[in-house]
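Here's the structure we're looking at; comments come further down.
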Amino acid sequence: MAALPVPLNVLAHQQAVLERPLVDVAPAPLPVPNPTKSFWIDSPDANPLAKHGSQGPLTAHADIAIIGSGITALSAAYHLAILLAHNPAPKPLTIVILEARDFCRNGGHLTAHAFHDFAAYSALYGTDEAIRAVHLENRTVADIVHLVQQTDKQAHLDLVAGGRTHLLFTDPEIAETMLDYELAKKAGVDVSDVDFFTKEQVQERYGASYPAVRTPGYNLWPLKLVTHLYSLALQTGQNSSTSSLALHTNTPVTSIAPSSSPGRRWDLATPRGTVSATYVLHATNAYASHLLPHLRGPAGIVPTRGQIIATRAAVPLDVLTTSAYTANEGFEYWFPRPLDPHSSETKPLVILGGGREKAQPAFELYEADDSVVDPRVGDVLRKFLPAVFPGRYEPGQEPEMEWSGIMGFTKTGDPFVGPVLDPSDPSSDAYKGQYIAAGYTGHGMPRAFSCAEAVAQMIVADIRGEEWTPPEWLPRHHLTKNRLNE
């Protein structure tokens, strides 16, 4: 067995860095204007909305302004359109999406953590909350898959039900995984579709000599999903005449101030002019503290640079299998892309992210610049798969693409969901009409879609003068009112 190129058992070290009290932490900057080229974004014809609305008139007034254009933003727009179509407001509402760069820079696996961290979550917040955390992810995955299938977009979005295999490199990780599994099962979580494999079974199936746990899961093209959500939100509003949707890319929001416009609460300043809005949703994830400085530092959302390569396997897909993977306490994550039916290539392209544990002591925390890659991380990514799967990846092979992206980490691992609150005076109206869903800690695909739905429900309830009741599937700890003392 080849030596692994990554340090092991260091997740606790990263957590200590994430929780370390810091003085004078600066708010996040705006996204850099020249990010590294990503497979998801920069493949031919992948992003038809890249510069949509970046020229011409700017929407000056909106009932709801959404800052950001990732899966949170477009899920919110989609769910707002659905809610308004089913139960219209007194007048059609105008929704505008403002994006600092080109449209949508998302990545990720559409796979729920079946029972991951169940023991720790139960100890911190109780068993009911741990169960809700599982339900949130299962619900999100099921809803997205249903939506894709219902609209017949499986092929267009490259939806693959390959499952996920988590490789267990160390004895402590094996023990923690078994404890999580047993506690989740005891609590009534359905784990009937979870399989544990010995290292011999993994070697036979996948070519790696480590024990593993396999759970159901999917992968797709995240940008194409978000683009599809934009189309659905636009069509739903138009067909029902209950909402309109505008998108302005390359239009960064630089500040938010109280509005003097009649009927509007907030003025959003951009280099192209001001947008006056009644409601504002911060769907900016890692960059949230740029406009909400109280969310900077370990009590808020910490920009964290992730690095990814696209590398070609040395064996055909039927040998590699369609399984996605995670390993080393979740630091590494990868999956094979579907083969192009119009190409004679039989060896799949594999998307691999991780390597941050090599970038110690800071683990790429507080890094918001995705115009560069870290050579230490790049070296690990090049060596990782050939070491884990001898013979299935070519040692020394250069990736076809390499890029970085900025994640939003929180010290609890959980997102902030709900009204923006002033931590010094939570009962004040200092941020009235502003909401947030952000801080997914690198695990947004199976959570953001539903968290955005919850915030859309909150906004519509407020418009109607109704009280919002949290759905049973949403962990109460995610709500901003329960995050004030972290």
Indicate yes or no for a side-chain donor-acceptor contact from Asn285 to the backbone of Gly439 under 3.5 Å, with no hydrogens or angles considered. yes
Validation row: His443, Glu137 side chains within 4.5 angstrom (heavy atoms): yes
Looking at Leu292, is its backbone amide N or carbonyl O close enough to the side chain of Ser289 to form a donor-acceptor pair, meaning the two atoms are under 3.5 Å apart? no
Any chance you could measure Thr412, atom OG1, to Glu19, atom CD, to the nearest 0.5 Å? 9.5 Å
Give a yes or no on whether a salt bridge exists between Arg483 and Asp414, defined as a side-chain N under 4.0 angstrom from a carboxylate O. no
Assess, by modelled atom type and distance only, whether the side chains of Ser209 and Gln203 contain a donor and an acceptor separated by less than 3.5 Å. yes
Sub-4.5 Å side-chain heavy-atom contact between Val417 and Tyr435: no
Any chance the side chains of Glu357 and Gln14 put a donor and an acceptor closer than 3.5 Å? no
Phe331-Phe169 aromatic ring centre distance below 6.0 Å: no
Are Glu182 and Lys185 within salt-bridge range, i.e. N to O under 4.0 Å? no
In this structure, CG of Leu223 is separated from SG of Cys104 (nearest 0.5 Å) by 5.0 Å
Do His290 and Thr284 get their side chains close enough for a donor-acceptor pair, meaning under 3.5 Å? no
Test: Asp195 and Arg205 ion pair at under 4.0 Å: no
Does Thr326 use its side chain to pair, donor to acceptor, with the backbone of Tyr333 at less than 3.5 Å? no
With the threshold set at 4.0 Å, does a side-chain nitrogen-carboxylate oxygen contact exist between Arg139 and Glu453? yes
Among His116, Arg214, Glu173, His113, exactly one meets side-chain hydrogen bond (donor to acceptor under 3.5 Å, both in side chains) together with His166. Which residue is that? Glu173
Taking the cut-offs as 6.0 angstrom to the six-membered ring centre and 45 degrees off its axis, would you call Arg447 and Tyr440 a cation-pi pair? no
Give a yes or no answer on whether the side chain of Thr140 reaches the backbone of Pro446 with a donor-acceptor pair at less than 3.5 Å. yes
For Leu232, is there any backbone N or O sitting under 3.5 Å from a side-chain donor or acceptor partner on Gln235? no
What I want to check is whether the side chains of His79 and Gln457 have a donor and an acceptor closer together than 3.5 Å. no
Hey, does the side chain of Arg476 reach the backbone of Leu474 with a donor-acceptor pair shorter than 3.5 angstrom? yes
